[in-house]
Amino acid sequence: MPDILILGIESSCDDTAAAVIRNRYLLSSIVADQEVHRQYGGVVPELASRAHQQNIIPVVDRALKEAGCDTGDLSAIAFTRGPGLLGSLLVGTSFAKGLALASGIPLIEVNHLQAHILVHFIKEKNELKRQPAFPFICLLVSGGHTELVIVRDTLDMEVAGKTIDDAAGEAFDKCAKIMGIPYPGGPLVDEIARKGNQNRFSFARPRSDSYNFSYSGLKTSFLYFIRDNIQKDADFINKNKPDLCASIQKTIVEMLLEKLVLLSQESGIREIALAGGVSANSALRAGVRALAQKYNWKVYIPPVRFSTDNAAMIAIAGHFKYLKQDFAGLDVSPAARLTY
Ligand code: KG4
Ligand code: ZN
């Protein structure tokens with residue numbers, strides 16, 4: 001069988017990324033993040049689109065060079081069709097279409113969320129990695145999404161539960177913002193929490209039915225808690241930052257794990273995977289490992305570079321769609337919302 005060489009292109013939010021995969025082996029993965037949003041405390045869609053336009057050619061060029069190939073060698077070009085910011089998606093989609101047309105190579109549309117989950121099937125040189133056995137449960141936690149997914153096959157996934165309001169990453173970022181921690185706050189909260197006492201403060205946890213999540217009430221209760229305490233002591237945040245970070249992190253993580261345990265117990269599935277930016281969180285990783293001991297789970301946690309947005313995940317999803325000869329037409333358009 002001839003080699004399958006896939007170029008993946010990701011531009012759904014604020015990272016412009018390109019990667020090349022040969023027969024599931026990663027050859028290159030380039031991610032250009034966008035500093036410009038930091039000063040605004042969140043992603044500014046219009047600025048993101050412009051930065052993608054500036055970044056996309058050099059990023060793709062570098063990914064191809066590092067992989068030692070050019071467009072003529074590619075089997076297909078995979079790109080993120082959605083979900084994400086429409087303007088940002090448009091840049092990646094248009095670029096992928098243009099390159100596919102000019103090079104006479106098939107085009108593959110990829111769902112960003114499905115791709116996050118498929119990172120578990122990327123192979124790296126000299127690495128013996130276990131991969132999840134089907135069916136497995138994937139807790140997909142990012143800045144925009146929080147889902148519990150039952151994965152029956154590489155392209156056969158069912159969303160068992162999801163957030164009804166904010167995503168877990170959003171909860172991290174919004175609580176961080178309340179404490180004056182710059183965007184994206186999640187990684188900094190994680191870092192500051194290491195020096196804190198996670199049992200010092202407790203916050204009201206909104207209830208949500210079945211396998212769904214709800215985080216907007218937690219953010220509000222955190223906001224009121226901080227506001228009340230600042231009235232008593234203007235320096236409350238600075239004096240208590242590590243304990244505040246550790247306590248809010250514990251609450252966000254426990255709310256995730258509670259639903260994960262419920263779904264595992266009710267479905268009988270004990271192959272458990274994490275994916276998405278928040279799966280980089282050290283408390284979540286430790287929490288899942290502790291539960292693995294308790295419930296006899298097999299746990300799969302991606303390396304941090306595959307947790308946050310990247311294009312290797314788009315390329316691996318492209319690989320599986322290529323095997324099914326599932327190609328997109330040149331009339332394909334990006335979709336801000338996309339189910340799978
Ligand atoms: O998957 P991702 O890179 O982009 C989206 O598709 O949203 O996820 C980004 C999210 C942000 O909310 C960021 O704060 C969060 O992941 N994040 C973390 C950590 N690293 C990234 N949250 C908590 N702890 C971390 N270590
Ligand atoms: Zn993502």
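Every number for a ligand or one of its atoms is a count from 1 in the order of the listing. We use all heavy atoms of the structure for the numbers below, so side chains are in, but hydrogens, waters and symmetry mates are not. In this text, all values refer to a predicted model and were calculated from it rather than measured experimentally.
Ligand 1 has an N or O atom lying under 3.5 Å from an N or O atom of Asp190, backbone or side chain. Considering backbone and side-chain N/O of Asp309, one or more are found under 3.5 Å from N/O of ligand 1. Considering both main-chain and side-chain atoms, Asn281 comes within under 3.5 Å of ligand 1 through a nitrogen or oxygen pair. Considering backbone and side-chain atoms together, Gly185 places no N or O closer than 3.5 Å to any N or O of ligand 1. Distances between N or O atoms of Phe172 and those of ligand 1 include no value under 3.5 Å. For a threshold of 3.5 Å applied to N or O pairs, the pair formed by Pro184 and ligand 1 contains no separation below that value.
The existence of a salt bridge linking Glu109 and Lys97 is excluded, since no basic side-chain nitrogen approaches an acidic carboxylate oxygen closer than 4.0 Å. The pair Arg305-Glu124 counts as a salt bridge, with a side-chain nitrogen and a carboxylate oxygen less than 4.0 angstrom apart.
Side-chain contact annotation: Glu10 with Thr80, donor-acceptor N/O pair under 3.5 Å present.
His116 pairs with exactly one of Val141, Asp309, Asn111 by the side chain to side chain contact (heavy atoms under 4.5 Å, CB included) rule, that one being Asp309.
Closest protein heavy atom to atom 12 (O) of ligand 1: Asp173 OD2, 2.6 Å.
At a cut-off of 2.8 Å, measuring from the Zn ion (ligand 2), the protein N, O or S atoms that fall short of it are His112 NE2, His116 NE2, Asp309 OD1, waters left aside.
Residue contacts with ligand 1 for His145 are absent, since no atom lies close enough (heavy atoms, distance under 4.0 Å).
Shown here are the side chain to side chain contact (heavy atoms under 4.5 Å, CB included) partners of Asn199, two or more places apart in sequence or in another chain: Asn197, Lys250.
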